[in-house]
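Starting from 1, each residue takes its place in the sequence as its number.
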Amino acid sequence: MPKNAKVVIIGGGVIGCSIAYHLAKLGWKDIVLVERSQLTAGTTWHAAGLVESGGFFDETTVGMASYTLALYKSLEEETGLSTGFKAVGHLQYATTTSRAEELRRVAAFARAFDVPMEEISLEKIKELWPLAYTDDVLAGFLTSTDGRVNPVDVTMALAKGARMGGVEIFEDTTVFEMVKEHNKVTSVITDKGEIKTEFVVNCAGMWAREIGKLAGVNVPLQPTEHYYLITEPIDGINADLPVLIDLGKYAYYREEVGGVLLGLFEPVSAPWALNGIPKEFSFGEINPDWDRMMPYIEEAMKRIPALKNAGIHKFFCGPESFTPDLGPMMGLAPELDNFFVAAGFNSLGILLGGGAGKIMAQWIVTGVPDVDVTEIDIARMLPFQNTPKYLKDRAVELLGYMFEEGFPNKHFKTARNVRKSAFHDRMAKIGAYFGEYAGWEYPDWFAPEGIEPKVEYSWGRQNWFEYAAAEHRATRENVTMMDYSVMGKILVQGRDAEKYLNRICANNVAVPVGRIVYTQWLNVTGTIVADLTVTRLDEDEFIILTGDGTIMAVQAWLRRHIPSDAHVFVTNITSAYSVLNIQGPKSRDFLSSITHINMYNDAFPFLTMQEIDIGYALVKALRVTYVGELGWELYIPTEFSLHVFDTLVEAGKEFNLKLIGLQALDTLRLEKAYRDYGGDIDNTDTPLEVGLSFFVDFDKQGGFIGKDALLKRKAAGLKYRMVQFLLDDPEPMLHYGEIVYRDGKQVGYIMSGAYGHTLGASIGVGPVENEGKTVTADYIKSGTYEIDIAGVRYSAKASLRPMYDPKLARVRC
Ligand SMILES: Cc1cc2nc3c(=O)[nH]c(=O)nc-3n(C[C@H](O)[C@H](O)[C@H](O)COP(=O)(O)OP(=O)(O)OC[C@H]3O[C@@H](n4cnc5c(N)ncnc54)[C@H](O)[C@@H]3O)c2cc1C
């Protein structure tokens, strides 16, 4: 056992072994992997081994899955150990029209990334699985390159590859303590001795939460029961059958030694080991609960009637880790500076394992991930999500959610009402339908009087379409109010605050007191790590306003880039203020009818902040907009919230003030093509490609982090540009992932879409490429565009400038 290592990887499942393999591939030496039992003993040994790349609807996951398949195919040649990979294909059934539409959208997206997911005929559907009942199947999709592996063999091959690259693997070695110094773990203590180290990687599967606690790192995941059964051999079942994914019945089927392996993703699942994972759990199984699973098995028997007469060879239940939002937790933990996590793979750890290892190794070695990680970065997780009750309540829904239809704007049903703004109950009374974001309940839209605020999901216009349209119009034509309390608020104070913030911000924040600055924060490669506003409250005081889901990442970035001896103090004051967002051409008249402050342009220009009186309260009013109209965000000390709300509602009667929700905000901001970090822009973009160069101050004194890289990119020419699209046909809906064609050639896809009620059709934004060449404004202007929605192409207009109010006349009025 070495006393020193550059990297200590904790956990010898598929993920730990894959990271070890990929770190070695990148040429790193002195890597040690420790495993408390034997390799694969946690969850990996009993996985069903499905590996697929068709069926995912985001670029990062498709990329991880595709890379994994290619790796598992090639590992034998490299290591001499087979992974058991067999490309039998994956066949997915759609038994409802909305599911068929979803899979058509997903298939088009998959094909754009070279995954051959194709819709096949009903005859072919029958032919591929002759024993399946298919009278209710409306459509079928086959990805012929997908298949299955043996998870133990995969892990052993990765481990062998890692060893060949110099990695040392120690089994029967348990980590039980960490030594920390200055935000770093300096030693990992195992029952076989201490290892001093530069980097720690927590790949401990369902134990990752406990390992995280040893280092003070938040890793919210919950082991949950996960089932399959294996039958005795059945006539007509053979090893060449594709894996059959029966989404509507929460089931999948594949061949296993001549019988059927039936796996289940039941809609109400059972969290496991709520009082801690049993100490000796290794190659462990959980006693199956037949009664709970019987209804799903019966449904599966309707699909494959031959199951009824088959003997059961094995009914298996094992634990798998699930995360609160069904994304894995990967990357550098925000609490520390050398502690990486890769855990919580939500039943996809084998099929994402290769890609996850590659991303992690690259992230560890360079410090900067090279794919969009906004939905997998562990820094998105909040401390409250690690409470046992939250994990237990949310876990119940997660397994089944994966097989349910992924409708646009869908929300989890469990573990709700966690964080409520002060206005919540008032909003509920007025008819709010609540969505959830980072635990907050926020109004998504408001049902008119007499109508129950209940959503009916679809891929077309959902039942609230007209309500959101009315909210949209009221904002464009009159004045509206929105609960914006979900904004994360961070106070940065101290004599050195300006100096260090100005180095972190790409825009210039050395501005007079009262000025609001919209800015991005960049890493050394020039790509965006945060997109937020900084408002100067005083000489030595700034407030940062950011989405609450990024609050941990933003605080970590500040800590990492402000020297500990600088006179700067960073405080999360999210709970200190409620926020109401007043927007629309009549917002000035409305607020002027209440406050004694002059709200006119000469006294209160765009992008400035002043304290104004609303009734008995003093609130910070920020003249900014995310909807493209005249407006103010009001930051209200929490205890004054209801008084201010009531005062505004009362005064609003005269102005026909309307409450609006996040759906209206989304359509408004997309018409104006305002960017959304994590939605349409991410950590792989620089401000240049996504149209934010205007907010970069290349000339400011002292420069900023990422400036050199940005200048280099600028000189090299932009390889893609963020473009706004408007469909010519007013009917179809853009949501996400629709493929964009220019002059018949695929050039990009829609990152965010919604209906533009003012522009009169669906709008979307997305990157447009030019086969690796520079994308100029002329190139964008000169093309003819079409967008593929579920297999049908619709013509669209494209613009680099916002189609709504490009000159900001309405904002500055
Ligand atoms: C029934 C079932 C079927 C599945 N089917 C599939 C499938 O078909 N396809 C798919 O992609 N995924 C599937 N999965 C999911 C997949 O098995 C997991 O996502 C994956 O195995 C997770 O790998 P891991 O390396 O993160 O965790 P693990 O395999 O659990 O590895 C973590 C390791 O860390 C070790 N460890 C813990 N604590 C310590 C410590 N203190 N010191 C040292 N070592 C420690 C553990 O012993 C363990 O070996 C399935 C899961 C289940 C339960």
Side-chain angles (χ1 to χ4, degrees), residues 1-42 44 75 78-81 152 154-205 207-208 210-217 219 279 282 330-333 335-343 353 356-367:
M1 187 84 168
K3 300 232 173 319
N4 293 286
K6 190 171 179 71
V7 187
V8 175
I9 297 170
I10 305 167
V14 67
I15 301 298
C17 291
S18 179
I19 294 172
Y21 170 87
H22 285 93
L23 278 173
K25 280 263 163 253
L26 291 180
W28 271 30
K29 298 290 170 214
D30 299 327
I31 299 162
V32 168
L33 184 151
V34 288
E35 162 56 49
R36 60 186 261 283
S37 171
Q38 290 169 42
L39 296 184
T40 78
T44 298
L75 265 181
E78 183 187 344
T79 63
L81 295 184
V152 172
V154 164
T155 310
M156 293 307 174
L158 287 166
K160 183 162 180 208
R163 284 189 179 109
M164 285 159 64
V167 175
E168 290 185 277
I169 296 178
F170 296 90
E171 293 179 302
D172 293 316
T173 306
T174 303
V175 173
F176 63 86
E177 201 184 327
M178 314 252 177
V179 181
K180 286 197 294 185
E181 243 174 75
H182 306 303
N183 301 312
K184 284 189 171 176
V185 171
T186 50
S187 271
V188 171
I189 319 262
T190 78
D191 56 357
K192 302 277 164 60
E194 176 176 352
I195 315 172
K196 290 199 187 330
T197 187
E198 292 172 40
F199 294 95
V200 178
V201 193
N202 174 5
C203 312
W207 294 267
E210 296 310 318
I211 294 286
K213 281 188 182 162
L214 295 180
V217 167
V219 188
K279 204 165 177 330
S282 175
M330 291 167 55
L332 183 59
E335 296 89 344
L336 297 173
D337 294 342
N338 70 340
F339 190 96
F340 284 81
V341 180
K358 179 170 183 268
I359 291 173
M360 287 294 298
Q362 191 273 341
W363 198 335
I364 294 164
V365 169
T366 67

Residue pair L33, L39: steps toward the side-chain contact (heavy atoms from CB on, under 4.5 Å) verdict: CA-CA 10 Å; L33 184 151; L39 296 184; 4.3 Å; yes
Value rounded to 0.5 Å, distance of SG in C17 from CZ in R163: 8.0 Å
Flag if over 12 foreign heavy atoms under 6.0 Å of NZ, K6: yes
Side-chain heavy-atom pair F170, K192 within 4.5 angstrom cut-off: no
Short side-chain to backbone donor-acceptor contact, S18 and G353, under 3.5 Å: yes
Taking every non-hydrogen atom, the tightest pair across G331 and M360: N-SD, 3.5 Å
Atom pair CD1 (I10) and OG1 (T174), whose distance is rounded to the nearest 0.5 Å: 11.0 Å
Inter-residue atom distance I189.CD1 - E194.CD, 0.5 Å rounding: 4.0 Å
Interatomic distance, I364 atom CD1 to L26 atom CG [nearest 0.5 angstrom]: 9.5 Å
From W28 atom CH2 to E198 atom CD, the distance as rounded to the nearest 0.5 Å: 7.0 Å
Test item: M164 and K160 side chains (from C-beta on) under 4.5 Å apart, heavy atoms: yes
Full working for side-chain contact (heavy atoms from CB on, under 4.5 Å) between V217 and N202: CA-CA 10 Å; V217 167; N202 174 5; over 6 Å; no
Nearest atoms (heavy-atom pairs only) where L75 meets A157: CD1-CB, 3.9 Å
Heavy-atom side-chain proximity of H22 to I359 below 4.5 angstrom: no
Contact summary for F176 and D191, nearest pair of heavy atoms: CE2-N, 3.5 Å
Side-chain heavy-atom pair F339, M178 within 4.5 angstrom cut-off: yes
Trace of the side-chain contact (heavy atoms from CB on, under 4.5 Å) decision for D30 with N4: CA-CA 8 Å; D30 299 327; N4 293 286; over 6 Å; no
Nearest atoms (heavy-atom pairs only) where A361 meets I19: CB-O, 4.5 Å
Parallel, tilted or perpendicular, as decided by the 30° and 60° cut-offs, for the rings of F340 and F199: tilted
Minimum heavy-atom distance between T40 and M156, given as atom pair plus value: CG2-CE, 4.3 Å
V8 side chain near T190 side chain, heavy-atom distance below 4.5 Å: no
Atom pair CD/NZ of E335 and K180 - distance to nearest 0.5 Å: 8.5 Å
Considering all heavy atoms, the nearest P2-V32 contact: CG-CG2, 3.5 Å
Audit row: L158, V14, side-chain contact (heavy atoms from CB on, under 4.5 Å) steps and yes/no: CA-CA 8 Å; L158 287 166; V14 67; 4.1 Å; yes
Backbone N/O of A5 and side chain of T197: donor-acceptor pair under 3.5 Å: yes
Pairwise side-chain contact, V7 with V201, heavy-atom cut-off 4.5 Å (strictly under): yes
